[in-house]
Amino acid sequence: MISVVVPTLGRDSLSDLLSTLAGQVHDRPGLEILLVDDRPAGGAELAVPGALAPYTKVLRGRGAGPAAARNLGWQAARHPWVAFLDDDVLPAPDWLDRLRADLAVPDRVGGVQGVVRVPLPTDRPPTDWERVTAGLADGEWITADMAYRRAALAAVGGFDERFPRAYREDAELAHRVRLAGWRLLRGTRTVVHPVRPENRWISLRAQRGNADDALLRRLYGPTWRTDLGVPAGRRHQHAALTGAAVLTAVTLAGAAAARRSRAGRPFAATAALAGAAWLAGTARFGYARIAPGPGTRSEVTTMLVTSAVIPPLAVAHWVRGWWRNRNETPRPVRRYPGDLR
């Protein structure tokens, strides 16, 4: 008795996912597939393979992001287990069979994660974006393939819709599920998560996630990364580089204003030191991103430009999120019924 929820923006990859599932249904009672059409502007009706049609229902989302779309899906689900799939993954041919086996767990287990594999090129080193995507394979409780008991979702109120992007919303949900006393396990079913094509400036757009990190810091305090199992970031390094860049600009302006007097010398000296610190830190950041990559002219140029822009952009998004969420508090959870602690 499993409900599979797939929020989608109508990407081409959805047809591959549905075709793969269509080859696995083989008269399965107790299965339903809920497609949440979250395209903000709507569009043509989503195409569903004939073999899946008896099991599938399409829900219309409101274009409010993946957390809201998944909430719509699990709240409409009829079965006690809800398996979430992203619309850009490709389940293994035995995915449904392994999902059933993964969910044969004790009552105390509230969620079971699948195995995510990210194929990388074999004829060259991966690009920065490819390496970032490959990190999904090591992620904890990511909803590229994550199944939860409906009771566990109901106990914590589902996904927190204050997280509008496909970023941190799944780790935050898993944290609340564990706070409520449920256990989470890893299963054996497998999906492949291809590297989605993106333009060369994707790393700049990704910095918006710093606002979500600021929300998590507000909600769970300074240990939020450890508590949620999120790897350490570069926020402190970005703040230091941004401070050095600002100090360089300010002292250069001071030196220019006082250039006709001795008062300008301290400004010039400070600007030189701050500028050297910024240049060294930016070069180190850029090298860390360039060295593992393919070394093409396009990749190196992109890494040099974005390594200079990312630190102040990341800090700006963090500050925006910190201020906007200054009054936010964690969502309440109901403890697991059998928890006696």
Side-chain angles (χ1 to χ4, degrees), residues 6-17 19-20 65-66 84-92 95 113-146 163 165-171 186 189-213 225 228-235 237-238 241 281-311 313-314 317:
V6 183
T8 182
L9 293 173
R11 291 186 283 214
D12 292 341
S13 55
L14 176 66
S15 62
D16 294 332
L17 183 156
S19 295
T20 301
F84 296 100
L85 285 175
D86 284 350
D87 71 349
D88 56 354
V89 303
L90 191 63
W95 185 82
Q113 178 179 334
V115 177
V116 178
R117 293 178 178 161
V118 180
L120 294 176
T122 58
D123 58 342
R124 58 166 175 80
T127 64
D128 180 70
W129 173 239
E130 289 167 342
R131 295 194 304 274
V132 169
T133 305
L136 294 173
D138 299 320
E140 289 189 344
W141 325 126
I142 61 173
T143 42
D145 182 0
M146 182 72 194
F163 294 87
R165 285 166 283 276
Y167 185 77
R168 305 292 197 226
E169 84 293 351
D170 43 12
R186 290 180 178 269
R189 67 192 187 277
T190 302
V191 299
V192 172
H193 192 303
V195 178
R196 186 173 66 246
E198 286 287 356
N199 70 34
R200 63 195 300 183
W201 310 118
I202 177 59
S203 61
L204 299 183
R205 296 201 308 275
Q207 300 312 309
R208 293 177 294 183
N210 282 279
D212 302 312
D213 285 350
R225 283 187 180 274
L228 272 68
V230 174
R234 287 193 170 104
R235 182 168 60 88
Q237 294 94 317
H238 290 338
L241 283 176
T282 301
R284 182 179 180 183
F285 179 37
Y287 178 77
R289 301 172 70 213
I290 292 170
T296 62
R297 178 180 297 180
S298 175
E299 176 77 359
V300 170
T301 302
T302 301
M303 293 300 99
L304 289 174
V305 173
T306 56
S307 294
V309 177
I310 282 174
L313 189 60
H317 282 300

### Closest contact, heavy atoms only, R165 versus A211
NH2-CB, 4.1 Å
### Task
Find the distance between CG (N210) and CD1 (I310) and round it off to the nearest 0.5 Å.
9.5 Å
### Message
Determine whether a donor-acceptor pair (N or O, by modelled atom type, separation under 3.5 Å) exists between the side chain of S307 and the backbone of L304.
### Response
no
### Query
Once you round to the nearest 0.5 Å, how far does CH2 of W141 lie from CE of M146?
6.0 Å
### Query
What is the minimum heavy-atom distance between D212 and F163, and which atoms define it?
O-CE2, 3.7 Å
### Task
Please identify each residue that fulfils side-chain contact (heavy atoms from CB on, under 4.5 Å) with L9, with sequence neighbours left out.
D38, P40
### Message
Checking the side chain of R131 only, and the main-chain atoms of P126 only, is there a donor and an acceptor separated by less than 3.5 Å?
### Response
yes
### Task
Determine, step by step, whether R235 and D213 satisfy the salt bridge (charged side-chain N to carboxylate O under 4.0 Å, His left out) criterion, reporting the C-alpha distance in whole Å, the side-chain angles of both residues, the deciding distance to 0.1 Å, and the verdict.
CA-CA 10 Å; R235 182 168 60 88; D213 285 350; over 6 Å; no
#### Entry: OG1-CG distance between T20 and L90, expressed to the nearest 0.5 angstrom
4.0 Å
#### Entry: Exercise: identify the closest heavy-atom pair between G114 and R189
N-NH2, 3.4 Å
### Task
Kindly say whether P231 contributes a backbone atom to a donor-acceptor pair with the side chain of R225 at under 3.5 angstrom?
yes
### Message
Heavy-atom count check: over 12 atoms from other residues, nucleotides or ligands less than 6.0 Å from D12 CG?
### Response
no
#### Entry: T143/E169 under side chain to side chain contact (heavy atoms under 4.5 Å, CB included): CA gap, chis, key distance, verdict
CA-CA 9 Å; T143 42; E169 84 293 351; 3.8 Å; yes
### From R168 atom CZ to L228 atom CG, the distance as rounded to the nearest 0.5 Å
8.5 Å
### Task
Indicate the atoms forming the closest heavy-atom contact of A288 with R234, along with that distance.
CB-NH2, 4.2 Å
#### Entry: Polar side-chain atom of Q113 near backbone of G139 as donor-acceptor pair, under 3.5 Å
yes
### Query
Out of curiosity, I202 CD1 to T306 OG1, how far, rounded to the nearest 0.5 Å?
11.5 Å
### Message
Could you check whether any side-chain N or O of W129 sits under 3.5 Å from a backbone N or O of R196, counting only pairs where one atom can act as donor and the other as acceptor?
### Response
yes
### Message
To the closest 0.5 Å, what do you measure between CG (L85) and CG (L14)?
### Response
10.5 Å
### Query
Looking at L17 and P91, what are the two nearest heavy atoms and their distance?
CG-CD, 4.1 Å
### R117 atom CZ: more than 12 heavy-atom contacts under 6.0 Å
no
### Query
Quick one: side-chain contact (heavy atoms from CB on, under 4.5 Å) partners of A144, sequence neighbours excluded?
D86, V89, V116, I142, H193
#### Entry: Taking every non-hydrogen atom, the tightest pair across V195 and P119
CG2-O, 4.0 Å
### Task
May I ask you to check whether D88 and S13 show a side-chain donor-acceptor distance below 3.5 Å?
no
### Task
Could you list all the salt bridge (Lys or Arg N to Asp or Glu O under 4.0 Å) pairs where at least one residue sits in residues 282-308, not counting sequence neighbours?
D128-R289
### Query
Would R208 and Y167 satisfy side chain to side chain contact (heavy atoms under 4.5 Å, CB included), going step by step from the backbone distance to the final call?
CA-CA 10 Å; R208 293 177 294 183; Y167 185 77; over 6 Å; no
